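Since the structure is predicted, the reported quantities are computational estimates derived from the model, not experimental observations.
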Amino acid sequence: MSPLTSPLHDRHVAAGAKLADFGGWSMPIEYAGGGVLAEHTAVREGVGLFDVSHLGTGTVRGPGAAAFVDRCLTNDLGRIAPGQAQYTLCCLPDGDPRAGGVVDDLIVYLHGPDEVLLIPNAANATEVLDRLRAEAPDGVVVENRHEEVAVLALQGPRSLQVLELLGLPGELAYMSFVTGTGAGVEVTVCRTGYTGEHGYELLIAADRATEMWDAVLEAGQDLGIRTCGLGARDTLRTEMGYPLHGHELSVDITPVQARTGWAVGWKKPAFWGREALLAERAAGPVRILWGLEVTGRGIPRAGMAVLDAAGERVGEVTSGTFSPTRKVGIALALLDTAAGAEEGTELAVDVRGRPQGVRVVKPPFVPSHVR
C-alpha cells in the first residue's frame, strides 16, 4: 500500500526534500541545500520549521470525556487546567501478558471537562483511538481526525519572533495552548516541541496548511529560518534524551524502564497497566535507560550490543547518532540493572565487531531550553 502524504507534500518535493516512509507516511528526512547538520544547527541557534503532519490527531468529546481519558492514560489530567497540554502514555492494560508496556506516548490538549484533543504517533494513532473507543462510556465519542489536521513545529530561539511577525500569540507558558489567527488562518498554538529548544507546535486545518507554511517561511526569511526534516528532528531529540516509540518505548518497554515514570499518575486509582507498573516500580526494573557518550570516534546505532569490561553483553542501544552539537557519538541504551552501571561507568558498544569505548551518562547531552 502506498504511504500517505502530508497536505504539504508538494511543497516538500519543490524544496528538494529527500522523502522516506515514516509510520506509513511519506515525509521529508532532509532538504537540499544543507541537510541534517545545517537543519539541526538552525534549530539550536536560530529557527527551523518542521512538517509533522504524520502525527495523529483525535478528539474525545462528550460528558466527562476528560475524566474518561484520565482513567485510561497514565498521567494525571488533574495536574493541569483547560488550555494546557500534557505528555502521557497509553499502556497495555492489566491482564495482558505485557501489561504496562507502552502502546504509544502522546500529548493531550485539555480543552475542558468534556473535550480533549490527542496527538499520538503516526503508526500508533489508529490503535490508541480504537482502544479508547472500545472503552468509551455512552455519550463519549472518539473521532480520528488524522487527515483533517496538519501539524507544524516551529522550533528554536527565534521561534517567538516568527510568531510575532505573523501576529500569532507566542508569549505562552510551557505546555499551554491558545487559538489565534495568522495570515488569515486559524491556528492552535502550543508551547511545546521535541527538540529541547524554545518552540511551538501549530495545529491547522489540513486544507489551509500550505497557506500557513508559506506565511511562516516568509515571516522568518530575515531570521534565517530553515525547513527541517525528520533526520534533524531525530538528532535533536536524541541529544535531549527524549524517547521515540519503537526505540526507547514499546509494548516490551515500560515507563519504569524508560525513565518516564514522571508521566505516570502513581496516586491515581485507575489507568491502563496500573497494577503491573506499581509492582515493577516496587521490585525495581530489570533494565533501565541510560545515555552513552562515545570516548573514541565510533557512532553507535540502534540494536548494537553494550558490553562490560569482560566483553559480556549487558544491554542494547535503542537510539544512536553523531551529535552535531557535541561533535561526538551519543546513544540511548537499555542496560541490565544487575550490571550495576552508574554515571561514569566505562562500557563498550559492539560496532560491527569492534568494541568502541563509551561512558555512561544521564541525558540530556546538551542543556534544555524548552522553558
Side-chain donor-acceptor pair present, T57, H146, cut-off under 3.5 Å: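 Checked: T57/H146 side chains show no N/O donor-acceptor pair below 3.5 Å.
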
Check: D51/S53 side-chain N/O donor and acceptor closer than 3.5 Å: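 Present: a donor and an acceptor within the cut-off.
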
To the nearest 0.5 Å, tell me how far [X] [atom1] sits from [Y] [atom2].
{"X": "N124", "Y": "L129", "atom1": "CG", "atom2": "CG", "answer": "10.5 Å"}
{"X": "E148", "Y": "D207", "atom1": "CD", "atom2": "CG", "answer": "10.0 Å"}
{"X": "E39", "Y": "E30", "atom1": "CD", "atom2": "CD", "answer": "6.5 Å"}
{"X": "L292", "Y": "S319", "atom1": "CG", "atom2": "OG", "answer": "11.0 Å"}
{"X": "E293", "Y": "S323", "atom1": "CD", "atom2": "OG", "answer": "8.5 Å"}
{"X": "H40", "Y": "T235", "atom1": "NE2", "atom2": "OG1", "answer": "5.0 Å"}

Does [X] have more than 12 heavy atoms from other residues, nucleotides or ligands lying within 6.0 Å of its [atom1]?
{"X": "E218", "atom1": "CD", "answer": "no"}
{"X": "E186", "atom1": "CD", "answer": "no"}
{"X": "R79", "atom1": "CZ", "answer": "yes"}
{"X": "E343", "atom1": "CD", "answer": "yes"}
{"X": "D252", "atom1": "CG", "answer": "yes"}
{"X": "Q221", "atom1": "CD", "answer": "no"}

Tell me, do [X] and [Y] make a side-chain contact under 4.5 Å, heavy atoms counted?
{"X": "T238", "Y": "F322", "value": "no"}
{"X": "C90", "Y": "L106", "value": "yes"}
{"X": "L277", "Y": "F271", "value": "yes"}
{"X": "V251", "Y": "D96", "value": "no"}
{"X": "I225", "Y": "L154", "value": "yes"}
{"X": "T188", "Y": "Y109", "value": "yes"}
{"X": "M175", "Y": "R191", "value": "no"}
{"X": "I253", "Y": "V102", "value": "no"}

Looking at [X] and [Y], what are the two nearest heavy atoms and their distance?
{"X": "D336", "Y": "R313", "value": "OD2-O, 4.2 Å"}
{"X": "R131", "Y": "P93", "value": "NH1-CD, 3.9 Å"}
{"X": "G23", "Y": "A122", "value": "O-CB, 3.9 Å"}
{"X": "A99", "Y": "A276", "value": "O-CB, 3.5 Å"}
{"X": "V140", "Y": "V60", "value": "CG1-CG1, 3.5 Å"}
{"X": "L223", "Y": "V162", "value": "CD1-CG2, 3.7 Å"}

Test side chain to side chain contact (heavy atoms under 4.5 Å, CB included) applied to L110 and Q84, step by step: CA-CA 6 Å; L110 180 62; Q84 293 180 297; 5.8 Å; no

R274 charged N/C atom sitting above W266 aromatic ring, 6.0 Å / 45°: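 Geometry flag: not set, cation outside 6.0 Å or 45°.
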
Candidate pair V108 and L73, rule side chain to side chain contact (heavy atoms under 4.5 Å, CB included), full reasoning: CA-CA 10 Å; V108 176; L73 306 184; 4.1 Å; yes

Working for side chain to side chain contact (heavy atoms under 4.5 Å, CB included), residues N121 and D105: CA-CA 7 Å; N121 286 293; D105 60 333; 2.8 Å; yes

Aromatic ring proximity, centroids under 6.0 angstrom, Y242 and H247: no

Aromatic contact, H12 with W213 (centres under 6.0 Å): yes

Backbone N or O of [Y] within a donor-acceptor pair of the [X] side chain at under 3.5 Å?
{"X": "E135", "Y": "C72", "answer": "no"}
{"X": "D114", "Y": "G64", "answer": "yes"}
{"X": "R208", "Y": "G184", "answer": "yes"}
{"X": "T41", "Y": "L37", "answer": "yes"}
{"X": "H54", "Y": "G24", "answer": "no"}

Single-linkage hydrophobic cluster [X]~[Y], side-chain heavy atoms < 4.5 angstrom:
{"X": "V178", "Y": "L117", "answer": "no"}
{"X": "L307", "Y": "V317", "answer": "no"}
{"X": "L289", "Y": "Y194", "answer": "no"}
{"X": "V185", "Y": "L163", "answer": "yes"}
{"X": "L230", "Y": "L249", "answer": "yes"}

Pairing of R61 and E143 as salt bridge, 4.0 angstrom limit: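 Result for this pair is yes, salt bridge flagged.
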
Check against side chain to side chain contact (heavy atoms under 4.5 Å, CB included), R44 and V366: CA-CA 10 Å; R44 288 279 180 253; V366 300; 3.9 Å; yes

Stepwise side chain to side chain donor-acceptor pair (under 3.5 Å) test for R98 and T254: CA-CA 9 Å; R98 295 182 289 185; T254 69; over 6 Å; no

Evaluation steps, side chain to side chain donor-acceptor pair (under 3.5 Å), between T195 and Q155: CA-CA 7 Å; T195 65; Q155 299 285 303; 2.7 Å; yes

Salt bridge (charged side-chain N to carboxylate O under 4.0 Å, His left out) between R326 and E239, worked out: CA-CA 9 Å; R326 295 284 308 282; E239 286 187 343; over 6 Å; no

Step-by-step side chain to side chain donor-acceptor pair (under 3.5 Å) determination, E201 to T192: CA-CA 6 Å; E201 292 191 341; T192 183; 5.4 Å; no

Steps toward side chain to side chain donor-acceptor pair (under 3.5 Å) verdict (E248, Q257): CA-CA 9 Å; E248 290 71 44; Q257 296 166 23; over 6 Å; no

Candidates N75, D70, T74, D76 - the one meeting side-chain hydrogen bond (donor to acceptor under 3.5 Å, both in side chains) with K268: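 Result: among N75, D70, T74, D76, D70 is the only option passing the side-chain hydrogen bond (donor to acceptor under 3.5 Å, both in side chains) with K268.
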
